[in-house]
Amino acid sequence: MKVNKGDFGEYGPRVSGKDSVIFTFSVEPSAKTVGIILFDKKSKKQLFEVDLSREYSVGRVYSAEISGINPDEICYFLKEDKRIYVDSYATSVVGRDNWGDVDNRKKSKFAVYSGISHIEKPWKDDEVDIAPSDMVLYKLHMRGFTAGFGMSDTKTGNYKGLLSKLNYLIKLGITSVEIMPVYDFEELFIENKVIISKRGEMVPTPEYTGKTNYWGFGMANYFAPKASYFGGESNAVAGLRSMISTMHSKGLEVIMEMSFALEVSDDYIIDCLNYYVKYFHVDGFHIVGCTAPIQRIASEPYLAETKIFYEYIPEEILCKEHGKKHLFIYNDSFMNVTRQIQNHMNGSMVQFANHMRRQNQTYGFVNYMANVNGFSLWDSYSYGEKHNLDNGEENRDGTNTNYSFNYGVEGKTTNKTINANRYREMRNAFTALFLSQSVPLFVAADETAATHLGNNNPYCQDNKMGYTVFAKNKNKNTLSNFVSQLIEFRKNHKCIRGETPFLMNDYKHLGLPDMSFHGSEPWMMTIGEEQKALGVLYNGAYAKEKEEVFVCYNFHYDSVDMALPLLSPGKRWRLCFNTAEYDDKSDFKPKPINNQQSLSVPGNSISVLVGLKVEKK
């Protein structure tokens, strides 16, 4: 074995030859002795301990090239004085090959080691570039999504199961997939307990609490793809690349959810995002769980064409944006505003209308009606309060701000009227979502009315309560077909999803404004707070389309007569669907209506019409 000074190129291990690896890492200011401890990957037997003198450092950064070792057969720890630890920049993690492998993990006292992957190897991949206005985001959990389909053991909880369902996603109309953490997190909640030895010494000993970190949030090995998801540690990098390249080949974007712990540094976050773009061609990141250095991320050259989703982005950063739109505000705002008015909780039609047309020239927004950190969409209309006792926190965890309603019974019921109301509200939610101007997102299996049994924070539920179960029956299939048709309708009518803000006037002199509001009388100038019904007209000509789209929202309990704006000569209004009247025999084909001046919209429902050129008989 030979040790030379490294190149200080990138943090972490980099294979530099057939039998050599460059290790680069930083240390604490107080560190007096620094080293690398090498182990045999299979036996975990210590092979070498390499002490590094100051000649291997620049400032607090050490870099050493160790030759005469096989990168595929070793793992390692870093050492500072008496502290021995896993490299936070390790490209793989040794010791967590199988999900929840408690028995084997106990034998090694739950220890894991830093691993070395061949990220330098070239690989084939197709570039995917989807305009924000074309995006339909689908959020899933690798394990929960595959378990929810009832797949075989070889596909459950890993990327092969996800790949087997890509055609399902494509048929549904999905363009972009947000995947919850797929970096190597510790899925077992482990506590260090003090044990008294036979000699009477106090020995800290790790113990499994019996609870699972199902979601994968918290401190993690962020640079290492999760071994149990991608065929084990030795295949993790190749597995993640295979998943991404396959999804790209089918035209799907890959968005990684990154839940950085609060103690992670800004530099580390930037390095990590750049790493996944450079070595894995990830298309975007949803950053959660930390105060991210969003200004640095927004201006980072390596991320200039990478989509960044974050809860809050200051106006001073957004104002500086130019070029390709890549910053997106991603929070509960649309969901809360829409649920409030939908569930008759003092919702504001003014706020609703503004959220339906949220857009900016240089940055975007993400809209959703449910997300993982809250009720599933079905549970939003089935539970009036959270039911999180199974999490073991006395129901204190999870948000208390749900704006949900159970429609007469808390949870599951066989009452046909209540279930019909719930499915109608599901259709209302999906319709508002896909007719909003911003990027629509929904969570896996919401299209089939999945439930978490009222648990609005199933972060530790590695079971059917936490999984996204794709159960099938007539009503669920009808809902899934409805969602698929909605996505197709959005795709076919670009006038409702423009990339720039609506000006609400006819600035191109095309006969109608680009967008306009209407009520019981046409051409409303303002929206009153007392209103619970609104018509929205989209002029197709502004998107070079031949059809106008008119959407009638009625959040009153009773039916409302909505005025139909006058169309140009030769055109007539046709009704595509109404959410209260949709059933398993319905479709979105435009259907003639006799009255071209007004339309009766049932209570708590949405009607969608198109203005078509009608050939004279």
Side-chain angles (χ1 to χ4, degrees), residues 353 356-357 424 427-428 430-432 434-437 481-482 484-498 502-525 527 531 533-556 558-617:
M356 289 300 295
R357 60 189 186 96
R424 183 198 65 232
R427 291 190 292 271
N428 285 342
F430 274 117
T431 301
F434 284 107
L435 297 185
S436 66
Q437 192 178 2
N481 290 334
F482 178 81
S484 181
Q485 290 179 88
L486 256 179
I487 295 173
E488 183 69 15
F489 186 88
R490 178 182 176 88
K491 177 182 177 182
N492 292 337
H493 295 88
K494 197 170 184 177
C495 61
I496 64 178
R497 54 183 175 89
F502 289 115
L503 300 184
M504 303 197 72
N505 62 60
D506 189 13
Y507 57 93
K508 289 185 179 179
H509 308 291
L510 298 177
L512 292 170
D514 55 353
M515 176 188 184
S516 53
F517 293 144
H518 305 263
S520 56
E521 298 293 334
W523 306 107
M524 293 171 52
M525 298 302 294
I527 303 172
Q531 283 183 246
L534 179 68
V536 184
L537 174 63
Y538 301 90
N539 184 356
Y542 274 84
K544 298 182 179 179
E545 296 171 343
K546 296 180 180 180
E547 297 179 4
E548 283 76 39
V549 176
F550 190 56
V551 186
C552 301
Y553 299 95
N554 180 17
F555 296 116
H556 290 286
D558 297 325
S559 62
V560 170
D561 288 334
M562 302 289 290
L564 298 179
L566 182 66
L567 293 168
S568 59
K571 281 191 170 184
R572 291 183 67 82
W573 288 114
R574 296 287 185 263
L575 178 65
C576 293
F577 68 91
N578 171 265
T579 55
E581 298 168 348
Y582 188 93
D583 59 28
D584 62 308
K585 298 178 182 179
S586 301
D587 57 40
F588 279 33
K589 292 179 181 178
K591 302 161 188 66
I593 53 175
N594 293 325
N595 189 342
Q596 292 289 304
Q597 280 73 48
S598 68
L599 178 74
S600 179
V601 182
N604 293 316
S605 77
I606 304 170
S607 292
V608 177
L609 304 91
V610 292
L612 298 175
K613 190 81 172 178
V614 178
E615 299 294 333
K616 292 183 179 180
K617 294 183 180 180

Could you tell me whether [X] atom [atom1] has more than 12 heavy atoms of other residues or ligands within 6.0 Å of it?
X: Lys571; atom1: NZ; result: yes
X: Lys491; atom1: NZ; result: no
X: Leu566; atom1: CG; result: no

*For the pair Ser586 and Asp583, evaluate side-chain hydrogen bond (donor to acceptor under 3.5 Å, both in side chains) and give the outcome as yes or no after the intermediate values.*
CA-CA 5 Å; Ser586 301; Asp583 59 28; 3.1 Å; yes

Below 4.5 Å, heavy atoms only, C-beta onward: do [X] and [Y] meet side chain to side chain?
X: Phe430; Y: Thr579; result: no
X: Val614; Y: Arg574; result: yes
X: Ser516; Y: Trp523; result: yes

*Derivation and outcome, side-chain hydrogen bond (donor to acceptor under 3.5 Å, both in side chains), residues Asn578 and Ser605*: CA-CA 7 Å; Asn578 171 265; Ser605 77; 3.0 Å; yes

_Once you measure the plane-to-plane angle for His518 and Phe550, does it fall in the parallel (<30°), tilted (30-60°) or perpendicular (>60°) bin?_
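The arrangement is perpendicular - the two ring planes meet at more than 60°.
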
_Can you confirm whether the side chains of Thr431 and Asn428 place a donor and an acceptor under 3.5 Å from each other?_
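Looking only at side-chain atoms, Asn428 and Thr431 do not form any donor-acceptor pair under 3.5 Å.
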
*Determine whether the side chains of Glu545 and Tyr538 contain a donor N or O and an acceptor N or O closer than 3.5 Å.*
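Their side chains do not contain a donor-acceptor pair, so the 3.5 Å distance test is not met.
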
_Tyr542 vs Asp506, test: side chain to side chain contact (heavy atoms under 4.5 Å, CB included). Steps then yes/no._
CA-CA 9 Å; Tyr542 274 84; Asp506 189 13; 2.5 Å; yes

Looking at every non-hydrogen atom in both residues, tell me the closest pair between [X] and [Y] and how far apart they are.
X: Met524; Y: Glu521; value: CG-O, 4.1 Å
X: Glu547; Y: Leu612; value: OE2-CD2, 3.0 Å
X: Ala353; Y: Ile527; value: CB-CD1, 3.6 Å
X: Ala533; Y: Asn554; value: CB-OD1, 4.0 Å

*Would a line drawn from the ring center of Phe517 to the ring center of Tyr553 be shorter than 6.0 Å?*
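When the ring centroids of Phe517 and Tyr553 are compared, they turn out to be at least 6.0 Å apart.
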
_Tyr582/Phe482 aromatic ring centres below 6.0 Å_ =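 Yes, the ring centres sit under 6.0 Å apart.
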
*Under the side chain to side chain contact (heavy atoms under 4.5 Å, CB included) rule, what do Phe588 and Leu486 come out as? Steps first, then yes or no, please.*
CA-CA 8 Å; Phe588 279 33; Leu486 256 179; 4.1 Å; yes

*asked:* Under the side chain to side chain contact (heavy atoms under 4.5 Å, CB included) test against Trp573, which residue among Val610, Asn595, Leu564 passes?
replied: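 One option only clears the test, and that one is Leu564.
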
